[in-house]
Protein chains: 2
Amino acid sequence: MTAPAWIHEQFEPTGSAIGYRIVRKLDEVQSEFQKIEIYETTDWGNLMLIDGAVMLTARDNFLYHEMMAHPALFTHPDPKQVAIIGGGDCGTLREVLRHRGVDRAVQCDIDEQVTRMAEKYFPELCESNGDPRAELLFDDGVAYMRDAAPASLDVVIVDSTDPVGPAEGLFNRAFYESCFRALRDDGILVQQSESPLALLDLIRQMRAEMGKAGFTAFRTLPFPQPCYPTGWWSCTLARKRGGFAFREGDADGKDFETRYYSAGIHRGALTLPPFVAAALDA
Amino acid sequence: MTAPAWIHEQFEPTGSAIGYRIVRKLDEVQSEFQKIEIYETTDWGNLMLIDGAVMLTARDNFLYHEMMAHPALFTHPDPKQVAIIGGGDCGTLREVLRHRGVDRAVQCDIDEQVTRMAEKYFPELCESNGDPRAELLFDDGVAYMRDAAPASLDVVIVDSTDPVGPAEGLFNRAFYESCFRALRDDGILVQQSESPLALLDLIRQMRAEMGKAGFTAFRTLPFPQPCYPTGWWSCTLARKRGGFAFREGDADGKDFETRYYSAGIHRGALTLPPFVAAALDA
(Lines give C-alpha, C1' and ligand atoms only; values in the text may rest on other atoms or scores of the structure.)
Protein backbone atom coordinates (compact mmCIF):
# COMPACT_ATOMS: atom_id res chain seq x y z
CA MET A 1 0.00 0.00 0.00
CA THR A 2 1.33 3.41 -0.91
CA ALA A 3 0.21 6.46 1.04
CA PRO A 4 -2.73 8.22 -0.57
CA ALA A 5 -1.78 11.14 -2.79
CA TRP A 6 -3.15 14.63 -2.48
CA ILE A 7 -3.41 17.28 -5.15
CA HIS A 8 -3.77 20.97 -4.39
CA GLU A 9 -4.87 23.97 -6.39
CA GLN A 10 -2.90 26.90 -5.09
CA PHE A 11 -4.94 29.92 -6.13
CA GLU A 12 -2.61 32.90 -6.37
CA PRO A 13 -5.21 35.73 -6.27
CA THR A 14 -6.55 34.61 -2.87
CA GLY A 15 -3.36 33.12 -1.43
CA SER A 16 -5.35 30.04 -0.48
CA ALA A 17 -5.56 26.48 -1.70
CA ILE A 18 -8.06 23.66 -2.01
CA GLY A 19 -6.97 20.03 -2.18
CA TYR A 20 -8.28 16.52 -2.56
CA ARG A 21 -7.13 13.06 -1.63
CA ILE A 22 -6.97 11.16 -4.86
CA VAL A 23 -7.09 7.52 -5.84
CA ARG A 24 -5.64 7.95 -9.31
CA LYS A 25 -5.49 10.04 -12.42
CA LEU A 26 -8.06 8.91 -14.94
CA ASP A 27 -7.34 11.03 -17.97
CA GLU A 28 -5.61 14.06 -19.38
CA VAL A 29 -6.04 15.90 -22.65
CA GLN A 30 -4.42 19.02 -23.99
CA SER A 31 -7.08 20.66 -26.10
CA GLU A 32 -6.57 23.56 -28.46
CA PHE A 33 -7.35 25.88 -25.54
CA GLN A 34 -6.37 24.31 -22.26
CA LYS A 35 -5.23 21.24 -20.36
CA ILE A 36 -8.06 19.12 -18.95
CA GLU A 37 -7.31 16.52 -16.27
CA ILE A 38 -9.62 14.03 -14.59
CA TYR A 39 -8.88 12.42 -11.23
CA GLU A 40 -10.72 9.91 -9.13
CA THR A 41 -10.87 11.15 -5.53
CA THR A 42 -11.48 9.16 -2.36
CA ASP A 43 -14.44 11.24 -1.15
CA TRP A 44 -15.61 13.60 -3.89
CA GLY A 45 -16.10 11.32 -6.86
CA ASN A 46 -14.48 12.36 -10.11
CA LEU A 47 -12.72 15.69 -10.27
CA MET A 48 -12.01 17.87 -13.32
CA LEU A 49 -9.13 20.33 -13.45
CA ILE A 50 -8.61 22.84 -16.25
CA ASP A 51 -5.11 24.29 -16.42
CA GLY A 52 -4.66 23.15 -12.83
CA ALA A 53 -7.80 24.88 -11.53
CA VAL A 54 -10.56 22.79 -9.97
CA MET A 55 -13.65 22.97 -12.20
CA LEU A 56 -15.96 20.52 -10.49
CA THR A 57 -16.30 17.39 -8.43
CA ALA A 58 -19.09 14.86 -8.82
CA ARG A 59 -20.12 15.40 -5.20
CA ASP A 60 -20.55 19.14 -4.88
CA ASN A 61 -21.20 20.55 -8.37
CA PHE A 62 -24.95 20.59 -7.70
CA LEU A 63 -24.50 23.68 -5.55
CA TYR A 64 -23.04 25.71 -8.39
CA HIS A 65 -25.20 24.37 -11.21
CA GLU A 66 -28.45 24.84 -9.33
CA MET A 67 -27.54 28.39 -8.34
CA MET A 68 -26.42 29.33 -11.85
CA ALA A 69 -29.77 28.26 -13.28
CA HIS A 70 -32.73 28.48 -10.92
CA PRO A 71 -32.53 31.97 -9.36
CA ALA A 72 -32.40 33.52 -12.85
CA LEU A 73 -35.06 31.27 -14.31
CA PHE A 74 -37.45 31.80 -11.40
CA THR A 75 -36.84 35.56 -11.52
CA HIS A 76 -37.71 35.85 -15.22
CA PRO A 77 -41.52 35.86 -15.66
CA ASP A 78 -41.54 33.25 -18.44
CA PRO A 79 -38.13 32.14 -19.71
CA LYS A 80 -38.30 30.40 -23.08
CA GLN A 81 -35.04 31.14 -24.90
CA VAL A 82 -31.86 30.54 -22.91
CA ALA A 83 -28.20 30.80 -23.90
CA ILE A 84 -25.37 29.35 -21.82
CA ILE A 85 -21.93 30.73 -22.60
CA GLY A 86 -19.30 28.28 -21.44
CA GLY A 87 -20.85 25.55 -19.31
CA GLY A 88 -19.17 22.79 -21.29
CA ASP A 89 -19.65 20.24 -18.51
CA CYS A 90 -23.39 20.47 -19.32
CA GLY A 91 -24.50 20.67 -15.67
CA THR A 92 -26.06 24.11 -16.03
CA LEU A 93 -27.81 23.01 -19.22
CA ARG A 94 -29.35 20.09 -17.34
CA GLU A 95 -30.72 22.42 -14.65
CA VAL A 96 -32.09 24.88 -17.23
CA LEU A 97 -33.95 22.11 -19.03
CA ARG A 98 -35.72 21.09 -15.82
CA HIS A 99 -37.90 24.15 -16.50
CA ARG A 100 -40.63 22.83 -18.80
CA GLY A 101 -41.41 26.32 -20.10
CA VAL A 102 -37.99 26.59 -21.71
CA ASP A 103 -38.32 26.07 -25.48
CA ARG A 104 -34.64 26.15 -26.38
CA ALA A 105 -31.33 26.20 -24.53
CA VAL A 106 -28.15 26.78 -26.50
CA GLN A 107 -24.86 25.94 -24.83
CA CYS A 108 -21.87 27.58 -26.49
CA ASP A 109 -18.52 26.47 -25.10
CA ILE A 110 -15.32 27.15 -26.97
CA ASP A 111 -13.80 23.81 -26.05
CA GLU A 112 -15.49 20.64 -27.23
CA GLN A 113 -13.06 18.56 -25.21
CA VAL A 114 -14.64 19.75 -21.95
CA THR A 115 -17.95 18.27 -23.04
CA ARG A 116 -16.33 15.06 -24.27
CA MET A 117 -14.66 14.61 -20.90
CA ALA A 118 -17.90 15.40 -19.07
CA GLU A 119 -19.78 12.80 -21.13
CA LYS A 120 -17.22 10.21 -20.12
CA TYR A 121 -16.52 11.09 -16.49
CA PHE A 122 -19.61 13.03 -15.36
CA PRO A 123 -22.36 11.33 -17.40
CA GLU A 124 -25.03 12.43 -14.90
CA LEU A 125 -24.41 16.06 -15.90
CA CYS A 126 -24.96 15.22 -19.57
CA GLU A 127 -28.21 13.34 -19.20
CA SER A 128 -30.21 16.15 -20.85
CA ASN A 129 -27.84 16.65 -23.78
CA GLY A 130 -30.20 14.63 -25.99
CA ASP A 131 -33.22 16.77 -25.06
CA PRO A 132 -34.68 18.12 -28.32
CA ARG A 133 -34.67 21.61 -26.76
CA ALA A 134 -30.89 21.48 -26.23
CA GLU A 135 -28.36 22.69 -28.77
CA LEU A 136 -24.65 22.22 -28.12
CA LEU A 137 -22.28 24.50 -29.98
CA PHE A 138 -18.51 24.50 -29.73
CA ASP A 139 -17.60 28.00 -30.66
CA ASP A 140 -16.45 31.36 -29.35
CA GLY A 141 -19.04 32.67 -26.89
CA VAL A 142 -18.03 36.28 -27.50
CA ALA A 143 -18.77 35.92 -31.23
CA TYR A 144 -21.94 33.96 -30.52
CA MET A 145 -23.40 36.74 -28.40
CA ARG A 146 -22.20 39.43 -30.81
CA ASP A 147 -24.04 37.71 -33.64
CA ALA A 148 -27.18 36.78 -31.70
CA ALA A 149 -30.40 38.33 -33.03
CA PRO A 150 -31.44 41.42 -31.06
CA ALA A 151 -34.13 40.82 -28.42
CA SER A 152 -34.07 37.09 -29.03
CA LEU A 153 -33.16 35.75 -25.59
CA ASP A 154 -34.79 35.65 -22.16
CA VAL A 155 -31.84 34.50 -20.07
CA VAL A 156 -28.10 34.49 -20.77
CA ILE A 157 -26.01 32.41 -18.36
CA VAL A 158 -22.27 33.00 -18.38
CA ASP A 159 -20.84 29.81 -16.89
CA SER A 160 -17.15 30.35 -17.47
CA THR A 161 -13.76 29.81 -15.95
CA ASP A 162 -11.94 32.63 -14.17
CA PRO A 163 -11.39 35.90 -16.06
CA VAL A 164 -7.99 34.89 -17.37
CA GLY A 165 -7.17 32.82 -20.46
CA PRO A 166 -10.04 31.71 -22.71
CA ALA A 167 -12.71 33.36 -20.51
CA GLU A 168 -11.13 36.81 -20.29
CA GLY A 169 -13.40 38.26 -22.99
CA LEU A 170 -16.51 37.34 -21.01
CA PHE A 171 -15.95 39.92 -18.28
CA ASN A 172 -15.96 43.26 -20.12
CA ARG A 173 -18.27 45.94 -21.45
CA ALA A 174 -18.16 44.84 -25.09
CA PHE A 175 -19.38 41.35 -24.20
CA TYR A 176 -22.04 42.69 -21.86
CA GLU A 177 -23.25 45.04 -24.64
CA SER A 178 -23.77 42.00 -26.84
CA CYS A 179 -25.73 40.33 -24.06
CA PHE A 180 -27.78 43.48 -23.49
CA ARG A 181 -28.70 43.68 -27.19
CA ALA A 182 -29.57 39.99 -27.46
CA LEU A 183 -31.81 40.02 -24.38
CA ARG A 184 -35.45 41.04 -24.49
CA ASP A 185 -36.47 43.92 -22.26
CA ASP A 186 -37.37 41.66 -19.35
CA GLY A 187 -34.29 39.52 -19.91
CA ILE A 188 -31.74 38.52 -17.32
CA LEU A 189 -28.00 38.08 -17.53
CA VAL A 190 -26.41 35.84 -14.91
CA GLN A 191 -22.71 35.22 -14.50
CA GLN A 192 -20.57 33.27 -12.07
CA SER A 193 -18.88 35.98 -10.04
CA GLU A 194 -16.16 34.37 -7.95
CA SER A 195 -15.70 34.57 -4.17
CA PRO A 196 -17.75 37.16 -2.25
CA LEU A 197 -15.13 37.08 0.48
CA ALA A 198 -11.85 37.30 -1.37
CA LEU A 199 -12.72 38.72 -4.78
CA LEU A 200 -15.13 41.54 -4.06
CA ASP A 201 -13.19 43.92 -6.28
CA LEU A 202 -13.82 41.65 -9.22
CA ILE A 203 -17.57 41.54 -8.51
CA ARG A 204 -17.64 45.31 -8.23
CA GLN A 205 -15.79 45.66 -11.56
CA MET A 206 -18.16 43.19 -13.26
CA ARG A 207 -21.17 45.12 -12.07
CA ALA A 208 -19.62 48.39 -13.23
CA GLU A 209 -18.95 46.98 -16.70
CA MET A 210 -22.48 45.58 -16.86
CA GLY A 211 -23.78 49.02 -15.94
CA LYS A 212 -21.78 50.66 -18.74
CA ALA A 213 -23.42 48.20 -21.13
CA GLY A 214 -26.86 49.40 -20.09
CA PHE A 215 -27.97 47.03 -17.35
CA THR A 216 -29.76 48.93 -14.60
CA ALA A 217 -30.08 46.52 -11.68
CA PHE A 218 -27.74 43.97 -10.16
CA ARG A 219 -27.94 41.34 -7.49
CA THR A 220 -25.12 39.10 -6.27
CA LEU A 221 -26.22 35.84 -4.65
CA PRO A 222 -23.66 33.97 -2.50
CA PHE A 223 -23.66 30.21 -2.07
CA PRO A 224 -21.32 27.55 -0.71
CA GLN A 225 -19.06 25.82 -3.23
CA PRO A 226 -16.34 23.80 -1.51
CA CYS A 227 -14.33 23.09 -4.66
CA TYR A 228 -13.71 26.77 -5.47
CA PRO A 229 -11.27 29.09 -3.70
CA THR A 230 -12.52 30.04 -0.19
CA GLY A 231 -15.39 27.56 -0.53
CA TRP A 232 -17.83 30.44 -0.93
CA TRP A 233 -18.93 31.56 -4.35
CA SER A 234 -21.50 33.74 -6.05
CA CYS A 235 -23.51 34.45 -9.15
CA THR A 236 -24.45 37.96 -10.22
CA LEU A 237 -27.75 38.72 -11.94
CA ALA A 238 -28.25 41.82 -14.07
CA ARG A 239 -31.46 43.15 -15.57
CA LYS A 240 -32.24 45.68 -18.28
CA ARG A 241 -35.17 46.85 -16.20
CA GLY A 242 -37.16 45.62 -13.23
CA GLY A 243 -36.01 44.08 -10.00
CA PHE A 244 -35.30 40.74 -8.42
CA ALA A 245 -38.59 39.68 -6.89
CA PHE A 246 -38.96 36.10 -8.04
CA ARG A 247 -41.79 33.67 -8.72
CA GLU A 248 -41.78 32.27 -5.19
CA GLY A 249 -44.93 30.25 -5.66
CA ASP A 250 -43.53 28.58 -8.77
CA ALA A 251 -40.23 27.91 -7.03
CA ASP A 252 -42.05 26.40 -4.05
CA GLY A 253 -44.26 24.25 -6.26
CA LYS A 254 -41.73 23.28 -8.91
CA ASP A 255 -42.17 19.84 -10.47
CA PHE A 256 -38.51 18.85 -10.25
CA GLU A 257 -36.15 18.15 -7.39
CA THR A 258 -33.20 20.22 -6.34
CA ARG A 259 -30.72 19.49 -3.60
CA TYR A 260 -29.56 23.00 -2.68
CA TYR A 261 -31.95 25.41 -4.35
CA SER A 262 -35.34 26.16 -2.85
CA ALA A 263 -37.56 29.21 -2.64
CA GLY A 264 -36.28 29.71 0.91
CA ILE A 265 -32.63 29.45 -0.12
CA HIS A 266 -33.30 31.87 -2.99
CA ARG A 267 -34.92 34.35 -0.58
CA GLY A 268 -32.00 34.00 1.82
CA ALA A 269 -29.41 34.51 -0.92
CA LEU A 270 -31.00 37.86 -1.81
CA THR A 271 -29.89 39.20 1.58
CA LEU A 272 -26.19 39.97 1.52
CA PRO A 273 -24.04 39.96 4.66
CA PRO A 274 -23.32 43.55 5.73
CA PHE A 275 -19.66 43.48 4.71
CA VAL A 276 -20.49 42.29 1.19
CA ALA A 277 -23.32 44.79 0.79
CA ALA A 278 -21.05 47.60 1.95
CA ALA A 279 -18.27 46.62 -0.45
CA LEU A 280 -20.61 46.35 -3.45
CA ASP A 281 -22.35 49.63 -2.69
CA ALA A 282 -19.06 51.48 -2.28
CA MET B 1 13.88 35.56 -3.47
CA THR B 2 12.70 32.11 -2.56
CA ALA B 3 9.37 30.87 -3.84
CA PRO B 4 6.55 31.48 -1.38
CA ALA B 5 5.74 28.51 0.82
CA TRP B 6 2.33 26.95 1.18
CA ILE B 7 0.98 24.95 4.08
CA HIS B 8 -1.95 22.59 3.80
CA GLU B 9 -4.26 20.97 6.27
CA GLN B 10 -5.22 17.62 4.84
CA PHE B 11 -8.42 16.73 6.62
CA GLU B 12 -8.80 12.97 6.58
CA PRO B 13 -12.54 12.69 7.38
CA THR B 14 -13.52 14.74 4.32
CA GLY B 15 -10.66 13.78 2.01
CA SER B 16 -10.17 17.47 1.27
CA ALA B 17 -7.59 20.08 2.16
CA ILE B 18 -7.33 23.81 2.79
CA GLY B 19 -4.07 25.66 2.33
CA TYR B 20 -2.48 29.08 2.67
CA ARG B 21 0.45 30.89 1.16
CA ILE B 22 2.65 31.86 4.06
CA VAL B 23 5.27 34.49 4.68
CA ARG B 24 6.83 32.84 7.72
CA LYS B 25 6.26 30.90 10.89
CA LEU B 26 5.87 33.24 13.84
CA ASP B 27 5.65 30.92 16.80
CA GLU B 28 5.12 27.40 18.04
CA VAL B 29 4.34 26.05 21.47
CA GLN B 30 3.67 22.54 22.67
CA SER B 31 1.21 22.96 25.51
CA GLU B 32 0.17 20.28 27.95
CA PHE B 33 -2.67 19.41 25.55
CA GLN B 34 -1.70 20.23 21.99
CA LYS B 35 0.73 21.85 19.59
CA ILE B 36 -0.13 25.45 18.70
CA GLU B 37 1.50 27.09 15.68
CA ILE B 38 1.21 30.63 14.37
CA TYR B 39 2.00 31.61 10.79
CA GLU B 40 1.94 34.90 8.96
CA THR B 41 0.12 34.45 5.65
CA THR B 42 0.29 36.61 2.55
CA ASP B 43 -3.46 37.24 2.28
CA TRP B 44 -5.22 36.06 5.45
CA GLY B 45 -3.29 37.76 8.21
CA ASN B 46 -2.09 35.60 11.05
CA LEU B 47 -3.10 31.95 11.12
CA MET B 48 -3.38 29.59 14.10
CA LEU B 49 -3.03 25.83 13.76
CA ILE B 50 -3.71 23.38 16.59
CA ASP B 51 -2.25 19.93 16.05
CA GLY B 52 -2.00 20.80 12.36
CA ALA B 53 -5.67 21.81 12.03
CA VAL B 54 -6.52 25.37 11.01
CA MET B 55 -8.26 27.13 13.89
CA LEU B 56 -8.59 30.64 12.58
CA THR B 57 -7.19 33.34 10.37
CA ALA B 58 -7.28 37.04 11.16
CA ARG B 59 -9.24 37.70 7.98
CA ASP B 60 -12.17 35.32 8.14
CA ASN B 61 -12.74 34.40 11.81
CA PHE B 62 -15.52 36.99 12.07
CA LEU B 63 -17.83 34.65 10.18
CA TYR B 64 -17.52 31.91 12.77
CA HIS B 65 -17.41 34.07 15.88
CA GLU B 66 -20.43 36.14 14.90
CA MET B 67 -22.46 33.04 14.07
CA MET B 68 -21.48 31.25 17.29
CA ALA B 69 -22.72 34.18 19.38
CA HIS B 70 -25.48 36.26 17.83
CA PRO B 71 -28.09 33.75 16.62
CA ALA B 72 -28.22 32.18 20.10
CA LEU B 73 -28.17 35.49 21.95
CA PHE B 74 -30.88 37.03 19.77
CA THR B 75 -33.00 33.88 20.10
CA HIS B 76 -32.91 33.89 23.90
CA PRO B 77 -35.43 36.44 25.25
CA ASP B 78 -32.99 38.08 27.68
CA PRO B 79 -29.57 36.43 27.98
CA LYS B 80 -27.69 37.49 31.11
CA GLN B 81 -25.51 34.55 32.13
CA VAL B 82 -23.38 32.99 29.39
CA ALA B 83 -20.79 30.23 29.50
CA ILE B 84 -18.36 29.55 26.66
CA ILE B 85 -16.74 26.14 26.71
CA GLY B 86 -13.53 26.22 24.71
CA GLY B 87 -13.26 29.46 22.77
CA GLY B 88 -9.73 30.13 24.01
CA ASP B 89 -9.00 32.58 21.18
CA CYS B 90 -11.54 34.89 22.89
CA GLY B 91 -13.32 35.85 19.66
CA THR B 92 -16.66 34.39 20.73
CA LEU B 93 -16.34 36.07 24.12
CA ARG B 94 -15.87 39.42 22.39
CA GLU B 95 -19.06 38.92 20.35
CA VAL B 96 -21.05 37.82 23.41
CA LEU B 97 -20.01 40.93 25.34
CA ARG B 98 -21.32 43.18 22.58
CA HIS B 99 -24.74 42.39 24.04
CA ARG B 100 -25.19 44.97 26.80
CA GLY B 101 -27.78 42.86 28.57
CA VAL B 102 -25.22 40.17 29.33
CA ASP B 103 -24.18 40.39 33.00
CA ARG B 104 -21.47 37.74 32.98
CA ALA B 105 -19.67 35.63 30.42
CA VAL B 106 -17.39 32.85 31.60
CA GLN B 107 -14.96 31.39 29.10
CA CYS B 108 -13.60 28.00 30.15
CA ASP B 109 -10.87 26.65 27.89
CA ILE B 110 -8.69 23.79 29.00
CA ASP B 111 -5.57 25.26 27.40
CA GLU B 112 -4.28 28.60 28.66
CA GLN B 113 -1.68 28.65 25.89
CA VAL B 114 -4.38 29.18 23.26
CA THR B 115 -5.39 32.41 24.96
CA ARG B 116 -1.78 33.52 25.45
CA MET B 117 -1.14 33.02 21.74
CA ALA B 118 -4.36 34.84 20.83
CA GLU B 119 -3.38 37.80 23.03
CA LYS B 120 -0.10 38.04 21.18
CA TYR B 121 -1.09 37.27 17.58
CA PHE B 122 -4.82 38.09 17.45
CA PRO B 123 -5.07 41.00 19.91
CA GLU B 124 -8.26 42.27 18.25
CA LEU B 125 -10.05 39.11 19.43
CA CYS B 126 -8.97 39.74 23.00
CA GLU B 127 -10.05 43.35 23.26
CA SER B 128 -12.93 42.53 25.61
CA ASN B 129 -10.92 40.26 27.92
CA GLY B 130 -10.66 43.11 30.41
CA ASP B 131 -14.41 43.71 30.45
CA PRO B 132 -15.55 43.41 34.09
CA ARG B 133 -18.30 41.04 32.92
CA ALA B 134 -15.74 38.59 31.49
CA GLU B 135 -14.20 35.75 33.44
CA LEU B 136 -11.47 33.63 31.88
CA LEU B 137 -10.94 30.16 33.32
CA PHE B 138 -8.40 27.63 32.19
CA ASP B 139 -9.94 24.38 33.18
CA ASP B 140 -11.76 21.28 31.97
CA GLY B 141 -15.03 22.34 30.35
CA VAL B 142 -16.64 18.98 31.05
CA ALA B 143 -16.02 19.38 34.79
CA TYR B 144 -17.02 23.04 34.68
CA MET B 145 -20.45 22.22 33.27
CA ARG B 146 -20.86 19.21 35.56
CA ASP B 147 -20.27 21.44 38.57
CA ALA B 148 -22.29 24.44 37.36
CA ALA B 149 -25.24 25.40 39.57
CA PRO B 150 -28.54 24.06 38.23
CA ALA B 151 -30.63 26.57 36.27
CA SER B 152 -27.88 29.18 36.48
CA LEU B 153 -27.18 29.85 32.81
CA ASP B 154 -29.07 31.38 29.89
CA VAL B 155 -26.76 30.39 27.04
CA VAL B 156 -23.99 27.79 26.81
CA ILE B 157 -21.72 28.11 23.76
CA VAL B 158 -19.52 25.13 22.94
CA ASP B 159 -16.74 26.59 20.84
CA SER B 160 -14.42 23.65 20.57
CA THR B 161 -12.06 21.87 18.21
CA ASP B 162 -13.17 18.75 16.35
CA PRO B 163 -14.57 15.83 18.37
CA VAL B 164 -11.22 14.12 18.73
CA GLY B 165 -8.50 14.75 21.29
CA PRO B 166 -9.18 17.29 24.05
CA ALA B 167 -12.67 18.13 22.74
CA GLU B 168 -13.99 14.58 22.48
CA GLY B 169 -15.88 14.81 25.78
CA LEU B 170 -17.88 17.81 24.51
CA PHE B 171 -19.92 15.81 22.02
CA ASN B 172 -21.74 13.21 24.12
CA ARG B 173 -24.85 12.72 26.21
CA ALA B 174 -23.14 13.09 29.59
CA PHE B 175 -21.82 16.53 28.70
CA TYR B 176 -25.14 17.60 27.21
CA GLU B 177 -26.90 16.47 30.40
CA SER B 178 -24.66 18.80 32.37
CA CYS B 179 -25.55 21.63 29.99
CA PHE B 180 -29.24 20.80 30.25
CA ARG B 181 -29.11 20.92 34.05
CA ALA B 182 -27.14 24.15 34.16
CA LEU B 183 -29.44 25.96 31.74
CA ARG B 184 -32.62 27.70 32.81
CA ASP B 185 -35.85 26.53 31.19
CA ASP B 186 -35.62 29.05 28.38
CA GLY B 187 -31.90 28.44 27.97
CA ILE B 188 -30.09 27.68 24.75
CA LEU B 189 -27.15 25.43 24.01
CA VAL B 190 -25.16 26.23 20.87
CA GLN B 191 -22.29 24.20 19.54
CA GLN B 192 -20.07 24.40 16.47
CA SER B 193 -21.24 21.48 14.36
CA GLU B 194 -18.77 21.00 11.52
CA SER B 195 -19.51 20.89 7.78
CA PRO B 196 -23.14 20.59 6.69
CA LEU B 197 -21.94 19.12 3.41
CA ALA B 198 -19.38 16.56 4.43
CA LEU B 199 -20.13 15.80 8.06
CA LEU B 200 -23.90 15.46 8.22
CA ASP B 201 -23.64 12.19 10.15
CA LEU B 202 -21.82 13.99 12.92
CA ILE B 203 -24.49 16.69 13.11
CA ARG B 204 -27.18 14.03 13.24
CA GLN B 205 -25.34 12.20 16.04
CA MET B 206 -24.89 15.42 18.01
CA ARG B 207 -28.57 16.19 17.78
CA ALA B 208 -29.45 12.65 18.84
CA GLU B 209 -27.17 12.89 21.90
CA MET B 210 -28.62 16.30 22.76
CA GLY B 211 -32.08 14.77 22.52
CA LYS B 212 -31.15 11.95 24.90
CA ALA B 213 -30.02 14.61 27.36
CA GLY B 214 -33.48 16.20 27.30
CA PHE B 215 -33.27 18.94 24.70
CA THR B 216 -36.47 19.04 22.66
CA ALA B 217 -35.77 21.29 19.68
CA PHE B 218 -32.77 21.71 17.39
CA ARG B 219 -31.78 24.01 14.61
CA THR B 220 -28.60 23.83 12.53
CA LEU B 221 -27.52 27.10 10.91
CA PRO B 222 -25.00 26.92 8.05
CA PHE B 223 -22.55 29.69 7.27
CA PRO B 224 -19.44 30.16 5.12
CA GLN B 225 -16.10 29.61 6.84
CA PRO B 226 -13.26 29.40 4.33
CA CYS B 227 -10.62 28.24 6.81
CA TYR B 228 -12.49 25.05 7.80
CA PRO B 229 -12.84 21.88 5.72
CA THR B 230 -15.19 22.39 2.74
CA GLY B 231 -15.39 26.14 3.53
CA TRP B 232 -18.95 25.65 4.75
CA TRP B 233 -19.63 25.26 8.44
CA SER B 234 -22.50 25.27 10.92
CA CYS B 235 -23.61 25.82 14.46
CA THR B 236 -26.39 23.82 16.07
CA LEU B 237 -28.77 25.35 18.60
CA ALA B 238 -30.71 23.23 21.09
CA ARG B 239 -33.49 24.31 23.43
CA LYS B 240 -35.09 22.75 26.50
CA ARG B 241 -38.42 24.10 25.32
CA GLY B 242 -39.65 26.63 22.80
CA GLY B 243 -38.59 27.27 19.24
CA PHE B 244 -36.23 29.38 17.22
CA ALA B 245 -38.14 32.53 16.45
CA PHE B 246 -35.68 35.29 17.29
CA ARG B 247 -35.81 38.90 18.40
CA GLU B 248 -35.71 40.25 14.85
CA GLY B 249 -36.38 43.82 15.87
CA ASP B 250 -33.54 43.77 18.38
CA ALA B 251 -31.21 42.17 15.83
CA ASP B 252 -32.17 44.80 13.25
CA GLY B 253 -31.69 47.64 15.71
CA LYS B 254 -28.63 46.34 17.56
CA ASP B 255 -26.23 49.00 18.83
CA PHE B 256 -23.06 47.25 17.64
CA GLU B 257 -21.65 46.42 14.23
CA THR B 258 -21.27 43.01 12.71
CA ARG B 259 -19.73 42.11 9.39
CA TYR B 260 -21.54 38.87 8.55
CA TYR B 261 -24.44 38.59 10.99
CA SER B 262 -27.66 40.51 10.44
CA ALA B 263 -31.32 39.82 11.07
CA GLY B 264 -31.63 38.94 7.39
CA ILE B 265 -28.68 36.53 7.47
CA HIS B 266 -30.10 34.95 10.64
CA ARG B 267 -33.50 34.50 8.95
CA GLY B 268 -31.82 33.00 5.89
CA ALA B 269 -29.72 30.60 7.96
CA LEU B 270 -32.88 29.17 9.53
CA THR B 271 -33.85 27.76 6.11
CA LEU B 272 -31.82 24.67 5.35
CA PRO B 273 -31.07 23.54 1.81
CA PRO B 274 -33.28 20.55 0.95
CA PHE B 275 -30.46 18.01 1.03
CA VAL B 276 -29.37 19.08 4.53
CA ALA B 277 -32.93 19.17 5.84
CA ALA B 278 -33.57 15.69 4.45
CA ALA B 279 -30.40 14.28 6.01
CA LEU B 280 -31.11 15.77 9.44
CA ASP B 281 -34.74 14.66 9.44
CA ALA B 282 -33.80 11.13 8.43
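Because only heavy atoms are used, hydrogens play no part in the values below, and waters and symmetry mates are left out as well, while side chains stay in. The chains referred to below are lettered A, B, ... by the order of the sequence lines, with proteins before strands, and numbering in each begins at 1. Remember, it's a predicted structure, so these values are computed and weren't measured experimentally.
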Candidate pair A:Phe11 and B:Asp43, rule side chain to side chain contact (heavy atoms under 4.5 Å, CB included), full reasoning: CA-CA 11 Å; A:Phe11 191 60; B:Asp43 290 74; over 6 Å; no

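- Highest contact tally toward chain A, considering only B:Phe62, B:Phe223, B:Tyr228, B:Tyr261, is held by B:Phe62 [criterion: heavy-atom pairs under 4.5 Å].
- At a 4.5 Å heavy-atom cutoff, the contact between A:Glu12 and chain B is made by backbone and side-chain atoms alike.
- Highest contact tally toward chain A, considering only B:Leu63, B:Thr42, B:Thr14, B:Thr41, is held by B:Thr14 [criterion: heavy-atom pairs under 4.5 Å].
- Using a 4.5 Å cut-off between heavy atoms, A:Ala269 does not touch chain B at all.
- Most heavy-atom pairs under 4.5 Å with chain B: of the set A:Pro196, A:Pro224, A:Gly268, this distinction falls to A:Pro224.
- The candidate with the highest count of non-hydrogen atom pairs below 4.5 Å against chain B, out of A:Ser195, A:Pro222, A:Gly231, A:Cys227, is A:Gly231.
- With values rounded to the nearest 0.5 angstrom, B:Phe275 atom CZ is found 9.5 Å from A:Glu66 atom CD.
- Neither the backbone nor the side chain of A:Arg267 comes within less than 4.5 Å of any heavy atom in chain B.
- Within the 4.5 Å cutoff, side-chain heavy atoms of A:Leu197 are placed close to those of B:Asp60.
- No more than 12 heavy atoms of other residues, nucleotides or ligands sit less than 6.0 Å from atom NZ of A:Lys120.
- By number of non-hydrogen pairs under 4.5 angstrom with chain B, the leading residue of A:Ile265, A:Ile22, A:Thr57, A:Ile7 is A:Ile265.
- Considering only heavy-atom pairs separated by less than 4.5 Å from chain B, the leading option among A:Ala198, A:Ser262, A:Pro229 is A:Ala198.
- Annotation: maximal heavy-atom pairing with chain A below 4.5 Å, among B:Gln225, B:Arg21, B:Glu9, B:Arg59, occurs at B:Arg21.
- Nearest approach of B:Ser16 to A:Trp44, heavy atoms of both residues: CB-NE1, 3.8 Å.
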